[in-house]
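Some notes on the structure that comes next.
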Amino acid sequence: MFLILAIALVTLVLVAILTWLTWTYTHWQRHGIPYVKPTPFIGTLGDVLTFKKNVGLHINDIYNDPVFANEPVVGIYMLHQPALLIREPQLIKSVLIKNFQNFHDRYANVDVKCDTFGAQNLFMCKYDTWSKARPKFSPTFSSGKLKQMFPLMLEIGNNLDQYLLNRGDNFDLELKKVCGLFTTDQISSIAFGIQTQSFLNPINDFVLQNMENLKSRPNFMMITMLLLPKLTGLLGAKLFSEKYQEFLRSSLNSVIKNRLNTGEKRNDLIDTLIKLRKEALETVEEKDKKLYDDMLLSQASIFYLAGYETSLTTMAFTLYLLAKHPEIQNKLRNEIRDSLEANMGKITYESLKSMEYLDMVIKESLRLYPVVSYLDREHKSEGGELDTFSLKPYHNYTLKEGMPIFISTLGIHKDPKYWSNPELFDPDRFDPHNSIPPYAYMPFGIGPRNCIGDRMALLEVKIGILNFLKNYEVQECEKTVKELKYGANTITLMCKDDLYLKFVKNILIYN
């Protein structure tokens, strides 16, 4: 009798599991939406969970599957959770701009109880925090503020220039390393108010602490935060380790205290933090002050995490492309020479802003290699059932509450529907007289939750590229990779291999 009952119970459980699997993984089939065939229990995440591809490349591969070439949306599964990949530009506009009220949060998540810095920065925080914090920090990145920050950024550009000149007339250089020194100094100066002098001391305390934080975060924890956000609290997934958070608090509080004592102003993020702290003394309730203060300090932390890899990778990819296309490099160096001659050898904020071809080159580099290779959102029906989002006229389907939405920046940037000969490096696409396909170019995102620091990032990259090229030509060398391959265990789109180029002195203008 016991054996019969046990067999019956096991059979019942198996039938229940089979029924659940069938119902769960036929969601898109039942609603008539094209989909990627899922694997039971892991959905369509096999290549990501086994670390064969990073998330952006995985989503890009789905975007480029010929089966979906003419489809506005594709159904996918985050484990058992139905999700959508949006492919049609007008739908992208609806998600990121027109219907922002339904998509104001990223799907990615960090639990504030596990990691207050990771959960409260502008990139990861939820709408309630974001809607209050974004207006407070936006003025820091206005054109006027950037112009005031420019001397700080230019000083580090000069350090890069001197670093190259000290190496001689002809040498090979690994781009990711030297670009990393440049971006480390830029971000530490602007966001932390610290002079790290990485070109003189590449392994300083600031760099070591950031490297340790990156190493202390296992890859599966990043996947949890990005794709399985409901598990972040359970697994204790952190963007910033407790030790790193204490390092940031100590460093930033020390800089802020010194500023208050000396009265120094540098027109950087620290000045903004001081101003907002003073306002908080009068407006924030005592019980909320520590969490609010962590929210303020966390903005500096995300600028390193978001700005370090993105800017260094953009510079490295751009120089790599210029070495492979010497005719484009010559045209850009001619523009740099003309600008320097017109300004008596000096780089000014206005002269850099007026360099159209430099702007075109960087924009085309970001089209081919968008460092942020995908965007994510979560559907919310804030006003109840009547305030939900429908896929009409493409499909008669209304999104469910909490549904993840993904957009492949890399995929749409190279889609021949929107870009002729999309694999070709052609800066003339971005000539001011040419029109850019709407909602098919978004290296910094689009809409209210686009990157708050996009203009600062572009300014930083322009200063870097100009200082690389004003005294040197970049050329391919024996160690230059013939084809770029991307890292599988990275958040951003980064080159898997070292990027070596030859630098040959060819001074554009003598002071």
Side-chain angles (χ1 to χ4, degrees), residues 89-90 92-93 96-97 141 143 146-147 150 157 310-311 313-343 347-373 407-447 450-451 453-470 473-474 484 493 506 508-509:
Q90 288 304 313
I92 291 173
K93 175 187 177 183
L96 298 181
I97 302 174
F141 303 96
S143 295
L146 288 178
K147 190 172 182 179
F150 186 74
T310 54
S311 295
T313 303
T314 298
M315 284 194 292
F317 281 151
T318 302
L319 291 168
Y320 176 81
L321 287 166
L322 290 170
K324 283 188 160 294
H325 299 82
E327 71 288 352
I328 294 174
Q329 182 180 170
N330 288 338
K331 184 174 179 179
L332 176 56
R333 295 190 84 236
N334 287 338
E335 182 184 62
I336 293 171
R337 180 199 61 217
D338 292 345
S339 178
L340 290 172
E341 287 180 347
N343 291 278
I347 303 169
T348 66
Y349 181 80
E350 289 75 17
S351 69
L352 199 63
K353 194 173 179 180
S354 69
M355 295 177 66
E356 284 188 356
Y357 198 65
L358 175 60
D359 189 64
M360 291 158 58
V361 165
I362 294 170
K363 284 179 176 176
E364 175 68 347
S365 175
L366 284 167
R367 183 191 68 81
L368 284 168
Y369 305 116
V371 184
V372 181
S373 54
I407 297 164
S408 178
T409 311
L410 181 60
I412 203 164
H413 277 197
K414 294 187 178 185
D415 194 327
K417 285 183 183 177
Y418 314 112
W419 307 92
S420 61
N421 201 356
E423 294 293 338
L424 179 67
F425 178 52
D426 180 13
D428 287 336
R429 299 178 203 272
F430 291 93
D431 186 291
H433 298 97
N434 294 334
S435 58
I436 303 303
Y439 315 111
Y441 181 72
M442 43 192 162
F444 297 101
I446 55 174
N450 70 332
C451 175
D454 56 350
R455 287 187 294 183
M456 187 184 79
L458 284 172
L459 186 62
E460 179 184 336
V461 170
K462 287 177 181 180
I463 290 171
I465 296 296
L466 190 151
N467 278 285
F468 271 114
L469 295 181
K470 73 174 187 175
E473 292 179 14
V474 289
L484 292 177
L493 194 70
N506 184 355
L508 290 174
I509 180 171

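Since we're looking at a predicted model, the values are computed, not measured.
- With 3.5 Å as the limit, one finds a donor-acceptor pair spanning the side chains of Arg337 and Asn334.
- Salt bridge absent: Lys353 and Glu350 never bring a charged side-chain N and a carboxylate O closer than 4.0 Å.
- Annotation for Met360 and Pro432: closest pair SD-CD, 4.2 Å, computed over non-hydrogen atoms.
- The closest side-chain heavy-atom distance from Ile412 to Ile92 is below 4.5 Å.
- To the nearest 0.5 angstrom, Leu368 atom CG is 9.5 Å from Leu410 atom CG.
- Checked against the 6.0 Å centroid threshold, Phe430 and Tyr441 count as a close aromatic pair.
- A distance-only check finds a donor-acceptor pair linking the side chain of Ser351 to the backbone of Thr348 [under 3.5 Å].
- By the 4.5 Å heavy-atom criterion applied to side chains, Val474 and Tyr320 are not counted as neighbours.
- Contact detail for Tyr349 and Phe150: the closest heavy-atom pair is N-CE2, 3.3 Å.
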Under the side chain to side chain contact (heavy atoms under 4.5 Å, CB included) rule, what do Leu508 and Glu341 come out as? Steps first, then yes or no, please.
-> CA-CA 9 Å; Leu508 290 174; Glu341 287 180 347; over 6 Å; no

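- Contact record, Lys470 with Ile336: CB-CG2, 4.2 Å, taken as the closest heavy-atom pair.
- Separation of atoms NZ (Lys331) and CG (Leu322) is listed at 12.5 Å; rounding is to 0.5 Å.
- Residues Ala457 and Phe444 come closest through the heavy atom pair CB-CE2, 4.2 Å.
- Of the possible donor and acceptor atoms, none in the side chain of Ser365 sits under 3.5 Å from a partner among the backbone N and O of Val361.
- Contact annotation: the side chain of Leu96 approaches that of Ile407 to within less than 4.5 Å [non-hydrogen atoms, C-beta and beyond].
- No side-chain donor-acceptor contact under 3.5 Å links Arg429 to the backbone of Asn434.
- The structure places CG of Asp338 at 12.0 Å from CZ of Arg333, a figure rounded to the nearest 0.5 Å.
- Between atom CD1 of residue Ile465 and atom CD of residue Glu460 there is a gap of 11.0 Å, rounded to the nearest 0.5 Å.
- When all heavy atoms are compared, the tightest approach of Leu466 to Met355 is CD1-SD, 3.8 Å.
- The shortest distance between side-chain heavy atoms of Phe317 and Leu484 falls below 4.5 Å.
- Looking only at side-chain heavy atoms (C-beta outward), Phe425 and Pro427 come within less than 4.5 Å of each other.
- We find the OG1-CD1 distance between Thr314 and Ile362 to be 8.5 Å, quoted to the nearest 0.5 Å.
- Judged purely by atom type and a 3.5 angstrom limit, Tyr357 has no side-chain atom pairing as donor or acceptor with the backbone of Asp428.
- Without hydrogens or angle criteria, Glu335 side chain to Glu356 main chain gives a donor-acceptor distance under 3.5 Å.
- Between Leu469 and the choices Leu358, Asn506, Leu319, the side-chain contact (heavy atoms from CB on, under 4.5 Å) rule is met once, by Leu319.
- Although no hydrogens or angles enter the test, the distance criterion places no donor-acceptor pair under 3.5 Å between the side chain of Arg367 and the main chain of Pro443.
- Judged by distance alone, the side chain of Asn330 and the main-chain N or O of Pro326 form a donor-acceptor pair under 3.5 Å.
- Using a 4.5 Å heavy-atom threshold, the side chains of Ile347 and Ile463 count as separate.
- A donor-acceptor pair under 3.5 Å is formed between the side chain of His413 and the backbone N or O of Met442.
- Distance check: Asp454 CG to Leu459 CG gives 11.5 Å after rounding to the nearest 0.5 Å.
- For the pair Pro370 and Thr409, the tightest heavy-atom approach, listed with the atom from each and the gap, is CB-CG2, 3.9 Å.
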